[in-house]
Amino acid sequence: PTSSPKSRSRSLLWLQVRNSHKVYNPTALNPPLLSLFSGTDAGVSGGNPSKESAAVSHRAAQPPLLTTPEPWHIFVTQTPAKEKAKEGETVVLNCHFSSPQRPSLADLTVKWYKEDEKGQMDLLENNVTILPNNSRVFLSGDLSQGDASLVILNVTTGDHGIYFCEVTLPDGKVVTGDGTKLRIRRALGLFGIEESIGTIIGVVAAGIGGVVILIIVLTPQLRRCALCMKQGSQQA
């Protein structure tokens with residue numbers, strides 16, 4: 001029997017709906033193909049949200065930045081700038097160092113040396129006295145507290161000079177203090193006058209200079225007197 005136009009249009013509409021359902025319904029795909037598409041990327045429907053977020057976070061992760069350690073800044077202070085002592089006394093030459101970045105200072109090394117008219121003489125290196133058969137010179141301070149003071153027992157006139165405190169950092173950097181000038185006083189002769197070596201030299205030089213000036217000034221007058229005495233003797 002022939003169908004009416006209305007029935008044919010309904011049949012075509014039903015076929016279009018059924019075909020569209022087959023094309024766009026994800027359940028109509030083969031299971032292996034569906035499983036292949038389900039875990040690929042966030043743009044495919046049916047993917048796992050946790051895997052998608054993990055992939056995003058993995059792409060967003062940045063490598064850690066490489067930072068260089070901050071260099072040490074240390075300050076070395078020697079006090080006083082000048083020190084006097086009498087022969088046979090004990091002298092303490094103060095040396096203190098500090099670093100605002102490093103609270104612990106125990107891993108630093110200290111060196112002391114002296115400069116005089118003979119040149120430079122190393123007294124202490126790597127925190128240990130290096131003078132042979134000499135126990136008069138040693139460290140007295142606590143390095144962990146920034147104290148590297150030097151002790152000299154039973155000083156003699158040969159100990160005069162300028163003493164320098166030198167601190168070496170773990171990275172090899174060396175920082176030196178401004179130095180302390182040590183002068184030795186001793187008793188002179190019978191009178192027991194205590195003077196430093198520099199003062200003695202100054203007094204002797206001044207005395208010699210005064211005598212020379214006196215001779216220069218008095219020589220013309222002595223000549224005149226001698227001439228007057230000669231003329232007087234001739235007249236007599």
Side-chain angles (χ1 to χ4, degrees), residues 60-188 192-202:
Q62 298 293 334
L65 297 177
L66 297 177
T67 58
T68 57
E70 185 179 358
W72 277 44
H73 297 284
I74 195 168
F75 305 94
V76 178
T77 304
Q78 289 187 240
T79 55
K82 296 181 179 180
E83 182 67 84
K84 293 182 180 180
K86 181 182 176 182
E87 281 184 303
E89 292 182 341
T90 297
V91 175
V92 178
L93 303 179
N94 296 313
C95 175
H96 294 86
F97 54 92
S98 61
S99 176
Q101 293 91 357
R102 301 294 193 276
S104 176
L105 303 173
D107 52 350
L108 306 180
T109 58
V110 176
K111 174 182 178 180
W112 277 89
Y113 62 91
K114 180 185 74 169
E115 291 184 354
D116 56 15
E117 64 277 2
K118 298 178 182 179
Q120 178 176 323
M121 177 186 297
D122 294 338
L123 308 174
L124 184 143
E125 193 168 0
N126 293 328
N127 311 337
V128 179
T129 303
I130 61 175
L131 293 177
N133 301 323
N134 192 343
S135 59
R136 297 189 305 117
V137 181
F138 54 89
L139 283 179
S140 66
D142 185 358
L143 296 182
S144 63
Q145 301 298 321
D147 188 356
S149 299
L150 184 73
V151 173
I152 306 177
L153 302 176
N154 191 23
V155 295
T156 65
T157 55
D159 292 325
H160 77 279
I162 304 176
Y163 290 76
F164 292 92
C165 175
E166 182 180 280
V167 178
T168 303
L169 306 180
D171 59 1
K173 182 180 179 180
V174 177
V175 183
T176 306
D178 294 331
T180 297
K181 185 176 182 179
L182 177 62
R183 301 173 66 183
I184 307 301
R185 296 178 300 175
R186 62 181 179 180
L188 290 180
I193 302 175
E194 297 180 359
E195 292 290 346
S196 65
I197 296 176
T199 303
I200 296 171
I201 295 174

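Everything quoted here is computed from the prediction, not taken from an experiment. Residue numbers start at 1 and run along the sequence shown.
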Participant: With sequence neighbours left out, write down each residue that passes side-chain contact (heavy atoms from CB on, under 4.5 Å) with Asp116, or none if nothing qualifies.
Facilitator: Lys114, Lys118
Participant: Just jot down the side chain to side chain donor-acceptor pair (under 3.5 Å) partners of Asp122, sequence neighbours excluded, or say none.
Facilitator: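 By the side chain to side chain donor-acceptor pair (under 3.5 Å) rule, Asp122 matches Gln120.
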Participant: Can you name the side-chain contact (heavy atoms from CB on, under 4.5 Å) partners of Leu131, sequence neighbours left out?
Facilitator: Met121, Leu123, Thr129, Asn134, Val137
Participant: Which pair of non-hydrogen atoms, one from Leu139 and one from Ala148, has the smallest distance, and what is that distance?
Facilitator: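 Looking at all heavy atoms of both residues, the closest pair is CD2-O, 3.5 Å.
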Participant: Do you know which two heavy atoms are closest between Asp159 and Leu182, and how far apart they sit?
Facilitator: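 Closest heavy-atom pair between Asp159 and Leu182: O-CD2, 3.5 Å.
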Participant: Taking it one step at a time, do Thr180 and Leu150 satisfy side chain to side chain contact (heavy atoms under 4.5 Å, CB included)?
Facilitator: CA-CA 11 Å; Thr180 297; Leu150 184 73; over 6 Å; no
Participant: Between Asn127 and Leu108, which heavy-atom pair has the shortest distance, and what is it?
Facilitator: ND2-O, 3.8 Å
Participant: CD1/Ile162 to NZ/Lys82 distance, rounded to the nearest 0.5 angstrom?
Facilitator: 9.5 Å
Participant: Do Gln78 and Leu93 come within less than 4.5 Å of each other through their side chains, counting heavy atoms only?
Facilitator: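 No - every pair of side-chain heavy atoms lies 4.5 Å or more apart.
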Participant: The criterion is side-chain contact (heavy atoms from CB on, under 4.5 Å); which residues satisfy it with Ser149, sequence neighbours excluded?
Facilitator: Val92, Asn94, His96, Ser140, Asp147
Participant: Is there a side-chain contact between Val76 and Phe164, using heavy atoms and a 4.5 Å cut-off?
Facilitator: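 Answer no - side chains too far apart.
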Participant: Which atoms form the tightest heavy-atom contact between Gly88 and Asn154, and what is the distance?
Facilitator: CA-OD1, 3.1 Å
Participant: Is a side-chain donor or acceptor of Asp171 paired with a backbone partner of Lys173 at a separation under 3.5 angstrom?
Facilitator: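 At least one qualifying donor-acceptor pair exists.
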Participant: Can you find a pair of side-chain heavy atoms, one from Glu166 and one from Val174, that are under 4.5 Å apart?
Facilitator: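 Of all side-chain heavy-atom pairs linking Val174 with Glu166, at least one is under 4.5 Å.
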Participant: Report yes if the side chains of His160 and Glu117 come closer than 4.5 Å at any heavy-atom pair, otherwise no.
Facilitator: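 Yes, close enough: below the 4.5 Å cut-off.
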Participant: Sorted by first residue and then second, give each disulfide (SG to SG under 2.5 Å) pair with at least one member in residues 127-186; sequence neighbours left out.
Facilitator: Cys95-Cys165
Participant: To the nearest 0.5 Å, how far apart are CD1 in Ile184 and CD in Glu83?
Facilitator: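 Between Ile184 CD1 and Glu83 CD, I get 9.0 Å after rounding to 0.5 Å.
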Participant: With sequence neighbours left out, what residues match Leu153 under side-chain contact (heavy atoms from CB on, under 4.5 Å)?
Facilitator: Thr90, Arg136, Phe138, Val151
